[in-house]
Amino acid sequence: MLNHATQYPGYLAGIMPIEVATNPKTGNGAAIRDLPMWAAHCFSDPDIARTSSIALVDQATQADVGASDVMAT
């Protein structure tokens, strides 16, 4: 889903990435910066590091100066 969002952001009203399994590629955050996003990740997940989900949110908010940088952990 995340790949689809970065390739075709204009076709989506928003995204909800859950447990992003890999670190996002450089530039993915810029591609989805205008999409509303609600990211979720279980911090106690022993298999998938939370840093990949955090990296995606960081990329998207840093790509857009006017983005809301609110993140609840």
Side-chain angles (χ1 to χ4, degrees):
M1 176 60 175
L2 192 53
N3 289 334
H4 180 80
T6 58
Q7 291 175 6
Y8 307 102
Y11 290 97
L12 302 171
I15 58 172
M16 185 177 177
I18 301 172
E19 303 273 340
V20 176
T22 60
N23 283 327
K25 295 177 185 174
T26 301
N28 280 359
I32 60 171
R33 70 177 177 225
D34 295 327
L35 284 174
M37 174 175 37
W38 183 280
H41 196 108
C42 176
F43 277 26
S44 63
D45 185 333
D47 298 318
I48 302 173
R50 65 182 180 245
T51 54
S52 54
S53 291
I54 293 169
L56 174 68
V57 172
D58 285 347
Q59 275 190 25
T61 57
Q62 290 170 4
D64 186 5
V65 176
S68 170
D69 58 355
V70 176
M71 181 175 172
T73 57

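- The minimum heavy-atom distance between L35 and A13, with the atom names listed, is CD2-C, 4.2 Å.
- Closest approach of I48 to H41, counting heavy atoms only: O-NE2, 3.0 Å.
- The two residues T6 and A31 have their closest heavy-atom pair at O-CB, 3.6 Å.
- A pairwise comparison of heavy atoms in S53 and A40 identifies OG-O, 4.4 Å as the closest pair.
- Minimum heavy-atom separation, M16 to W38: CG-O, 3.0 Å.
- Looking at heavy atoms from C-beta onward, L12 lies out of side-chain contact with I32 at the 4.5 angstrom threshold.
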